[in-house]
Engineer: 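Quick one: this structure, given as structure tokens, is what I'll be asking you about.
Order of the sequence lines sets the chain letters (A, B, ...), proteins ahead of strands, with each chain counted from 1. In what follows, every heavy atom counts, from backbone to side chain, and hydrogens, waters and symmetry copies are set aside.
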There are 2 protein chains.
Amino acid sequence: MKTNRDFMPVYYQLADDLKQQIEAGELKPGDAVPSESQLVNDYGISRVTVRRGLAILLEAGLIETIKGIGNFVAKPKLNQVTLTFQENDPLNENSFIYQLLEVKRISADEIIAGKLGVGEGTKVFLIRRLINSDDGPVGVDMKYLPYIKGQPILENEIEYADFPAIVAKHTNVTIHKIEMSIAAAPLNDEEGELLKTLAGHPALCIHRAFYAKDGRTLGFSKTIYRGEAFELSAVSYPYSAKV
Amino acid sequence: MKTNRDFMPVYYQLADDLKQQIEAGELKPGDAVPSESQLVNDYGISRVTVRRGLAILLEAGLIETIKGIGNFVAKPKLNQVTLTFQENDPLNENSFIYQLLEVKRISADEIIAGKLGVGEGTKVFLIRRLINSDDGPVGVDMKYLPYIKGQPILENEIEYADFPAIVAKHTNVTIHKIEMSIAAAPLNDEEGELLKTLAGHPALCIHRAFYAKDGRTLGFSKTIYRGEAFELSAVSYPYSAKV
DNA sequence: CAGTGGTCTAGACCACCTT
DNA sequence: AGGTGGTCTAGACCACTGG
């Protein structure tokens with residue numbers, strides 16, 4: 001219609017058509033999207049291809065699927081953007097150097113226990129690392145893991161694996177859900193000292209929590225960066241056909 | 001093997017297998033993943049199913065595809081997480097109230113011109129809004145749009161549409177790419193005054209830029225939140241089989 | 001029961017890359 | 001030419017939902 005649609009894959013054209021209808025208001029939130037078999041007939045294409053097109057919309061959050069019933073236009077999520085974070089690449093390749101400060105078993109205080117969903121006083125692992133750039137310390141990273149007997153954490157893992165991988169290996173369970181929050185907060189005294197900055201200095205504070213399918217918390221981490229030394233950046237291509 | 005794999009779809013099992021091999025180091029970054037036809041033979045499943053499994057890994061960023069050559073294990077992107085932002089939407093529960101401060105046509109200074117990819121002095125739109133919660137101002141939002149003749153910005157749009165929607169309507173072009181950065185920075189004097197806080201106070205600073213397929217900048221925005229008043233939160237389900 | 005989406009198959013043709 | 005991934009088809013069976 002407007003873009004060179006004839007050079008798009010069929011499944012993409014279908015996705016684009018439906019997207020246009022949704023954005024034009026012809027299909028409103030809550031409305032049923034034509035059923036797969038209907039689209040097969042309408043477009044004269046196979047069901048596999050129809051499903052591929054719908055998968056794009058599903059992933060983009062434009063529609064929602066209810067098994068045995070149909071696909072429906074989703075309520076518009078303002079500013080919903082799916083992004084791929086590229087934490088860690090200020091200079092692309094040679095990113096930060098992580099310096100292990102300590103790995104120890106501690107008794108969970110109230111906050112930690114709450115976050116990990118264990119009783120207060122339960123033994124948990126704490127891994128603390130300093131994050132350095134060539135110009136000095138830029139951040140502090142604290143990771144908490146439930147202590148599991150017979151599954152010690154190896155320094156090797158800590159050095160070379162990222163947190164999701166450590167969590168997965170340590171608990172032998174698949175990560176089902178990740179929650180993340182990002183906020184700006186002043187550095188406290190200890191953090192200021194570690195980062196050679198004054199307390200109160202603006203810092204980027206990132207929390208992450210990993211959950212298993214049954215809801216158990218598998219681990220969580222708190223990472224703090226000196227404000228001027230680090231930024232999260234992300235890129236998204238809202239309509240790249242990944243499928 | 002470890003989890004109840006027999007109840008998983010075949011394509012998911014394949015993805016999980018390969019993921020395990022990658023995380024165990026049996027397949028290292030840069031290594032070729034077995035070809036699709038190889039996997040068809042190895043697993044005794046159809047190519048469609050193989051491709052579906054690979055699509056999961058592709059989307060998760062674990063592998064990369066080169067047409068005509070093969071799939072390869074991607075370089076580990078530390079802490080790469082794909083998440084769906086639930087930035088606050090108006091009209092939804094405990095969200096913020098946006099107070100329009102001004103809409104005006106300004107001459108782009110060097111920075112603005114650079115960001116928008118227009119000449120210095122070019123006329124651009126500036127939309128400035130104050131973001132309020134029940135407890136007072138929490139943030140300031142500035143949006144810049146190239147000025148296009150005959151496409152005035154309606155207050156209606158500004159009030160009710162989100163930025164991607166405004167951009168899309170204003171420019172009549174599809175948004176192809178979104179860049180976003182998140183950092184912590186001190187409030188400057190003007191921001192401090194608007195937010196009834198002292199300059200230097202930690203603030204969350206979010207930049208977003210929207211691009212068309214041809215590389216033109218369609219708009220960009222800068223949003224600043226008082227650190228203690230706002231946090232970005234995100235949830236992701238790494239292995240939801242969206243495909 | 002009929003309709004829906006979820007999974008899977010066994011082919012096919014194409015464009016691309018290497019040898 | 002032979003291998004690779006990209007697209008697409010025409011079936012099939014299943015689990016789920018509704019009337």
Engineer: Between the protein and nucleotides 8-14 of chain D, which nitrogen or oxygen pairs come in under 3.5 angstrom?
Structural biologist:
{"from": "D:dC8", "atom 1": "OP1", "to": "A:Val10", "atom 2": "N", "distance (Å)": "2.6"}
{"from": "D:dC8", "atom 1": "OP2", "to": "A:Val10", "atom 2": "N", "distance (Å)": "3.4"}
{"from": "D:dT9", "atom 1": "OP2", "to": "A:Ser46", "atom 2": "N", "distance (Å)": "2.8"}
{"from": "D:dT9", "atom 1": "OP2", "to": "A:Ser46", "atom 2": "OG", "distance (Å)": "2.9"}
{"from": "D:dT9", "atom 1": "OP2", "to": "A:Thr49", "atom 2": "OG1", "distance (Å)": "2.6"}
{"from": "D:dA12", "atom 1": "N6", "to": "A:Arg47", "atom 2": "NH1", "distance (Å)": "3.3"}

Engineer: Tell me whether the OP1 or OP2 atom of D:dT4 has a side-chain N or O from B:Ser35 closer than 4.0 Å.
Structural biologist: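 Answer is yes, contact under 4.0 Å.
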
Engineer: For the pair B:Lys143 and B:Asp141, find out whether any cationic side-chain nitrogen is under 4.0 Å from an anionic carboxylate oxygen.
Structural biologist: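 Salt bridge flag = yes for B:Asp141 with B:Lys143.
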
Engineer: How long is the line joining CD1 of A:Ile63 and P of C:dT4, in whole Å?
Structural biologist: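 About 15 Å, once rounded to whole Å.
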
Engineer: May I ask you to evaluate whether A:Ser37 reaches the phosphate of C:dT4, defined as a side-chain N or O under 4.0 Å from OP1 or OP2?
Structural biologist: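 A:Ser37 to C:dT4 OP1/OP2: side-chain N or O found under 4.0 Å.
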
Engineer: Output yes when at least one side-chain N/O atom of B:Arg51 is less than 4.0 Å from OP1 or OP2 of D:dG6, else no.
Structural biologist: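 True: B:Arg51 side-chain N/O within range (under 4.0 Å) of D:dG6 OP1/OP2.
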
Engineer: With sequence neighbours excluded, tell me which residues meet side-chain contact (heavy atoms from CB on, under 4.5 Å) with A:Ser37.
Structural biologist: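 Expected list: A:Ser35.
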
Engineer: Can you name the residues that form a side-chain hydrogen bond (donor to acceptor under 3.5 Å, both in side chains) with B:Asp31, not counting sequence neighbours?
Structural biologist: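 Result, side-chain hydrogen bond (donor to acceptor under 3.5 Å, both in side chains) vs B:Asp31: none returned.
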
Engineer: Does any N or O in the side chain of A:Thr217 come within less than 3.5 Å of the main-chain N or O of A:Tyr211, such that one atom is a donor and the other an acceptor?
Structural biologist: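 Answer holds: no.
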
Engineer: Return the set of residues passing side-chain contact (heavy atoms from CB on, under 4.5 Å) with B:Thr49 (not counting sequence neighbours), or none when no residue passes.
Structural biologist: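 Scan of B:Thr49 (side-chain contact (heavy atoms from CB on, under 4.5 Å), adjacent residues dropped) gives B:Val10, B:Tyr11, B:Ile45, B:Ser46.
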
Engineer: Any side-chain N or O of B:Asn71 less than 4.0 Å from the OP1 or OP2 oxygen of D:dT4?
Structural biologist: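 For D:dT4, OP1/OP2 do not have a side-chain N/O of B:Asn71 under 4.0 Å.
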
Engineer: Please identify each residue that fulfils side-chain contact (heavy atoms from CB on, under 4.5 Å) with A:Ala183, with sequence neighbours left out.
Structural biologist: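 Applying side-chain contact (heavy atoms from CB on, under 4.5 Å) to A:Ala183 gives B:Glu231.
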
Engineer: Nearest-Å distance, CG (A:Leu39) to C1' (C:dG3)?
Structural biologist: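 Spelled out: CG on A:Leu39 to C1' on C:dG3 is 14 Å.
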
Engineer: One thing to verify: whether B:Glu36 and B:Arg51 come together as a salt bridge, which I'm taking to mean a side-chain N less than 4.0 angstrom from a carboxylate O.
Structural biologist: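 Looking at B:Glu36 together with B:Arg51, the answer is yes, because their closest N to O distance falls below 4.0 Å.
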
Engineer: Protein-nucleotides 14-16 of chain C N/O pairs closer than 3.5 Å?
Structural biologist:
none

Engineer: Return the CE to CD1 distance between B:Met142 and B:Ile127, rounded to the nearest 0.5 Å.
Structural biologist: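 Going from the CE atom of B:Met142 to the CD1 atom of B:Ile127 covers 12.0 Å.
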
